[in-house]
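We name chains A, B, ... by the order of the sequence lines, and we start the count at 1 in each one.
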There are 2 protein chains.
Amino acid sequence: MQLDSFDLKILDILQRDGRITNARLALDVGLSESACFNRVRRLEQQKILQRYGAQIDRKALGSFVTVLVSVILESHKQHELARFEQVVSGLPEVVECNYVAGQFDYLLKVVARDMTDYMRVMDELMEAFGKVNQYSSYIVMRKTKEQEMAASYLVDKTRRSAA
Amino acid sequence: MQLDSFDLKILDILQRDGRITNARLALDVGLSESACFNRVRRLEQQKILQRYGAQIDRKALGSFVTVLVSVILESHKQHELARFEQVVSGLPEVVECNYVAGQFDYLLKVVARDMTDYMRVMDELMEAFGKVNQYSSYIVMRKTKEQEMAASYLVDKTRRSAA
DNA sequence: GTTGAAAGTAATCCCTG
DNA sequence: CAGGGATTACTTTCAAC
């Protein structure tokens, strides 16, 4: 499952345009249509291409606040971590949750209608989980960047380290 | 540009499967193919459907660390914020940057090959920008959730607030 | 890897109700 | 909005190089 530069170029292009036609993709990567098609299918079968999705403009749907939340739990027993993650997985407003090493345990990203709604979400979390020692809220004023790294760049980095 | 329940259902489905055929989408939302097709095109033209993309399995490309970084700048003048954001936009390893209100100014998400590489990225940031008062690193041990909210849920929330 | 052809499927547009 | 029908475009497979 070694990826060559054609594979990486395919991944880069599909990452940016998941609906490009095979014919156009083949042209852009410099392969014949059949060769390109076979590679895409292989990448899908290997689950390297995991899924295709549309990105929706949230602003078109209304006004929302995004809040980053650092969380410290009372207990760090494996069982309590699992329970916290379980509760979080059931809250649709929590769109991201990372277990981190550092001065706190989790960092969440919460999307809510407004600050009142945000407090309701956190109340729900406290109600359902309970054993939170402390949490701090950081309201996102402006998202200045959101851009996945290109596959080809990621692999370049790996090669550098192997060298 | 008012969205009805058909539009929301279309957005929800396309968010999860950006490559569904129009025929299948029409079936799932309960519209004729032509009606469904026209709505999708309208949503694209209105930029509510912003882009289609493929999600790639980063683990298939090698081993990486994700680090969340809180940053406090020395100065909060508009010009300095803009310069910081400019520098960040040029660092491919910084995959996300949020300007926040709270105990610090920015929260970054950095993807690097390993901790040595991470330090290199931060060195580059310090070199290029300089006026950082303090930053703290939080290594992501485990991403426990990453799931955008469905369009229909977002809109339900808005209606609740309007009521 | 390539090309080219063939068959199936989907997108796109138009027109009628 | 639905539905049919026509056209064009794309996908997918396959054989031969």
**Request:** Measure from the side-chain N and O atoms of B/Asn22 to the backbone N and O of B/Glu33, and report whether any donor-acceptor pair falls under 3.5 Å.
**Result:**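 Yes, B/Asn22 side chain to B/Glu33 backbone: donor-acceptor pair under 3.5 Å.
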In whole angstroms, how far is the [atom2] atom of [N] from the [atom1] atom of [X]?
X: B/Glu33; N: D/dA6; atom1: CD; atom2: C1'; result: 14 Å
X: B/Asn38; N: C/dT12; atom1: CG; atom2: C1'; result: 10 Å
X: B/Lys9; N: D/dC1; atom1: NZ; atom2: P; result: 14 Å
X: A/Phe37; N: C/dG4; atom1: CZ; atom2: P; result: 19 Å
X: A/Asn22; N: D/dT11; atom1: CG; atom2: P; result: 5 Å
X: B/Ile20; N: C/dT9; atom1: CD1; atom2: P; result: 17 Å
X: A/Tyr52; N: D/dT11; atom1: OH; atom2: P; result: 11 Å
X: A/Leu27; N: D/dC10; atom1: CG; atom2: C1'; result: 15 Å

**Request:** Compare the minimum distances between each of D/dT11, C/dA11, C/dT2 and the side chain of A/Ala35, then state the nucleotide with the smallest one.
**Result:**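 Among the listed nucleotides, the one closest to the side chain of A/Ala35 is C/dT2.
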**Message:** So if I take every side-chain heavy atom of A/Ser34 and compare against C/dT2, C/dA11, D/dG3, which nucleotide ends up nearest?
**Reply:**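 Among the listed nucleotides, the one closest to the side chain of A/Ser34 is C/dT2.
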**Asked** Is the distance from OP1 or OP2 of C/dA10 to the nearest side-chain N or O of B/Arg24 less than 4.0 Å?
**Response**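 Answer no for this pair, as no side-chain N or O of B/Arg24 is under 4.0 Å from OP1 or OP2.
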**Prompt:** Any side-chain N or O of A/Arg41 under 4.0 Å from OP1/OP2 of D/dT11?
**Reply:**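 So the side-chain polar atoms of A/Arg41 never come under 4.0 Å of the phosphate oxygens OP1 or OP2 of D/dT11.
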**Asked** Are there more than 12 heavy atoms of other residues, nucleotides or ligands under 6.0 Å from atom CZ of A/Arg42?
**Response**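 Yes, CZ of A/Arg42 has more than 12 neighbouring heavy atoms, counting only those of other groups under 6.0 Å.
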**Prompt:** At what distance, to the nearest 0.5 angstrom, does NZ of B/Lys47 lie from CD1 of A/Ile56?
**Reply:**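 So the gap between those two atoms works out to 15.0 Å.
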**Message:** Regarding A/Ser32, tell me which of base, sugar-phosphate or nothing describes its non-hydrogen contacts under 4.0 Å with the strands shown.
**Reply:**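 Here A/Ser32 touches the bases of the nucleic acid.
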**Message:** Applying a 4.0 Å non-hydrogen cut-off, can you work out what A/Arg19 is touching in the nucleic acid: base, sugar-phosphate, or nothing?
**Reply:**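 Touches nothing.
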**Prompt:** When you check the side-chain N and O atoms of A/Ser70 and B/Tyr138, is any donor under 3.5 Å from an acceptor?
**Reply:**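 Not at all, the side chains of A/Ser70 and B/Tyr138 share no donor-acceptor pair under 3.5 Å.
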**Flag for A/Tyr118-A/Ser137: side-chain donor and acceptor within less than 3.5 Å** =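 Their side chains do contain a donor-acceptor pair, which is all the 3.5 Å distance test asks for.
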